[in-house]
Number of protein chains: 2
Amino acid sequence: MLPAGQPKFKRRKADRPDEIVAAAMDVFAEKGFAAARLDDIAARAGVSKGALYLYFATKEDIFRAVIEQGVAPNLGRLQTALAEHDAAFPDLLRAFATIVSSIATDSPVGGIIKMVIGESRNFPELARTWRERLVEPALGVMSGAIAAAQARGELRAGDPRHCAISLVSPMLLGVIWRETFVPVGAEPLDIPTLAQQHVELWLRGMRPDAGAAA
Amino acid sequence: MLPAGQPKFKRRKADRPDEIVAAAMDVFAEKGFAAARLDDIAARAGVSKGALYLYFATKEDIFRAVIEQGVAPNLGRLQTALAEHDAAFPDLLRAFATIVSSIATDSPVGGIIKMVIGESRNFPELARTWRERLVEPALGVMSGAIAAAQARGELRAGDPRHCAISLVSPMLLGVIWRETFVPVGAEPLDIPTLAQQHVELWLRGMRPDAGAAA
DNA sequence: GTTTAATAACTGACCAGTCAGTTATTTATG
DNA sequence: CATAAATAACTGACTGGTCAGTTATTAAAC
């Protein structure tokens with residue numbers, strides 16, 4: 001009856017928040033916001049439910065923290081990727097596709113995207129945050145680069161924003177596919193291959209006519 | 001106090017189910033499954049909560065009916081669209097894009113897609129149904145048509161499934177954009193224009209090399 | 001007057017959030 | 001070094017509200 005050796009908990013104030021957010025990420029990604037129980041999150045974080053409230057005021061706050069934490073690292077990687085700006089446009093794009101597919105493949109963005117989409121009406125601020133901090137910057141950088149390449153005559157005309165969407169949408173769809181249909185028996189998409197094939201298609205489709213003047 | 005003329009309700013057994021599903025579609029699309037209250041659905045359908053249970057056994061059944069009803073009409077329209085198969089491939093594709101964007105623009109698929117994505121883990125059968133009855137048939141028809149065109153030498157080589165995804169993903173993303181970011185202040189995407197521009201890009205990107213033999 | 005669509009008051013399960021108490025850890029004291 | 005007093009991280013049983021689903025009752029329809 002008496003706990004022989006091990007103590008029944010450790011005091012680890014510094015590590016708890018991150019551990020809780022990580023556990024919450026898993027549970028939220030699996031169940032969605034409403035169906036996720038705080039008891040589950042606590043259990044997965046190796047902590048009691050009460051302890052959650054030592055670090056977060058409400059369930060919504062935990063959710064916010066999860067979504068927030070999903071923004072920063074990806075934004076960082078994208079910016080880093082696009083900082084190496086000196087490559088020729090096609091090669092830049094190929095590198096970009098590689099990075100996006102690696103993010104898509106081995107980070108939990110998938111689950112987060114799902115939640116941002118699914119809970120956008122219930123948590124408008126989250127959709128706003130995600131758009132302002134991740135989607136718009138990324139789209140902005142990309143359409144900027146596209147517009148510049150168009151100005152240099154490397155790409156043909158066309159609304160740069162639409163072009164950027166044409167470019168990234170298959171990768172995003174691949175992530176959504178993995179989250180939605182693969183758990184239900186669908187063949188996984190080979191996102192890196194898909195991305196590569198699509199980038200080449202896009203580059204050919206955006207190549208200016210041979211005879212056109214710059 | 002006494003209801004002078006009008007009766008307090010009408011008995012309309014035949015019409016109720018559709019009205020309930022329509023009301024539920026709105027509420028589910030706005031709130032998601034868990035956050036949607038049956039009282040709200042009932043109120044919007046002009047009926048008491050108890051009446052829902054005359055036609056559906058559980059909340060999940062209502063949800064299933066909503067998602068089911070989202071499948072059929074779209075499947076129908078797509079099949080009809082692709083039945084007119086005699087046009088040349090590029091024109092067929094342009095017509096297809098027009099139809100897809102009109103579906104995207106003025107049908108409630110957006111809300112349904114959101115729910116299928118968001119609740120796929122909690123309702124695996126729904127994701128399965130959607131995939132089996134809508135996504136796979138559509139993808140199948142499209143990649144079949146693409147493969148045929150490739151065999152005829154009208155399109156260059158490349159995994160037909162990936163090609164099909166490259167083709168439709170911007171439209172899908174447009175719908176998701178509208179559902180997720182527009183309610184939060186984002187500029188709406190012009191889906192028809194996006195679709196048109198993308199189809200042309202895709203056709204150019206898939207055009208075989210001029211010198212290549214058939 | 002019989003049938004049954006429809007209502008509205010009700011029940012019970014579930015779960016976010018609370019808090020009184022417990023235990024690990026730190027700090028003061030001999 | 002002990003060891004006792006103080007602190008704060010942590011626990012888990014409890015509660016209050018919400019809401020899916022039930023049921024006793026009413027009233028429309030024929």
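All values below come from the heavy atoms of this structure, side chains included, with hydrogens, waters and symmetry mates left out. Numbers restart at 1 for each chain; the letters A, B, ... are given by sequence-line order, proteins then strands.
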Members of residues 58-67 of chain B that approach DNA chain D, where some heavy atom sits under 4.0 Å away | B:Thr58, B:Lys59

Does a nitrogen or oxygen in the side chain of A:Tyr55 sit under 4.0 Å from OP1 or OP2 of D:dC10?
-> yes

Close side-chain approach of A:Glu200 and A:Arg94, heavy atoms under 4.5 Å | yes

Can you tell me how far P of D:dA20 sits from CZ of B:Phe56, to the nearest Å?
-> 15 Å

Is A:Ile117 close to A:Ile176 at the side-chain level, that is, under 4.5 Å between some pair of heavy atoms?
-> yes

Which parts of residues 37-49 of chain B get close to DNA chain D, meaning a heavy atom less than 4.0 angstrom away?
-> B:Arg37, B:Leu38, B:Lys49

To the nearest Å, give me how far apart CG (B:Leu54) and P (C:dT7) are.
-> 9 Å

Would you kindly give the OH-to-C1' distance between B:Tyr53 and D:dC19, to the nearest whole Å?
-> 9 Å

Between C1' of D:dG12 and CG of A:Leu52, the distance in whole Å = 13 Å

Interatomic distance where CD1 belongs to A:Ile20 and C1' belongs to D:dT11 [whole Å] = 13 Å

Should the ring pair A:Phe33 and A:Phe28 be called parallel, tilted or perpendicular, given that the plane angle runs from 0 to 90° and is split at 30 and 60?
-> parallel

Who are the side-chain hydrogen bond (donor to acceptor under 3.5 Å, both in side chains) partners of B:Ser169, not counting sequence neighbours?
-> A:Ser169

Indicate whether OP1 or OP2 belonging to C:dA5 is found under 4.0 Å from a side-chain N or O atom of B:Arg12.
-> no

Look at A:Lys10 and C:dA24 and indicate whether a side-chain polar atom (N or O) is within less than 4.0 Å of OP1 or OP2.
-> no

Answer with base, sugar-phosphate or nothing: what part of the nucleic acid does A:Ala36 contact at a heavy-atom distance below 4.0 Å?
-> sugar-phosphate

Between A:Phe9 and B:Ala57, who's closer to the 5' end of DNA chain D by nearest nucleotide?
-> A:Phe9

Minimum side-chain heavy-atom gap B:Arg161-B:Leu139 below 4.5 Å | yes

So which heavy atom on A:Trp177 is nearest to which on B:Glu136, and how close?
-> CH2-OE2, 3.5 Å

Could you tell me whether the side chain of A:Arg11 has a donor or acceptor atom within less than 3.5 Å of a complementary atom in the base of D:dA9?
-> no

Any Lys/Arg nitrogen of B:Arg64 or B:Glu60 sitting under 4.0 Å from an Asp/Glu carboxylate oxygen of the other?
-> yes

Does the side chain of B:Val184 reach to within under 4.5 Å of the side chain of A:Ser120, using non-hydrogen atoms?
-> no

Is the CD atom of B:Glu19 crowded by more than 12 outside heavy atoms at less than 6.0 Å?
-> yes

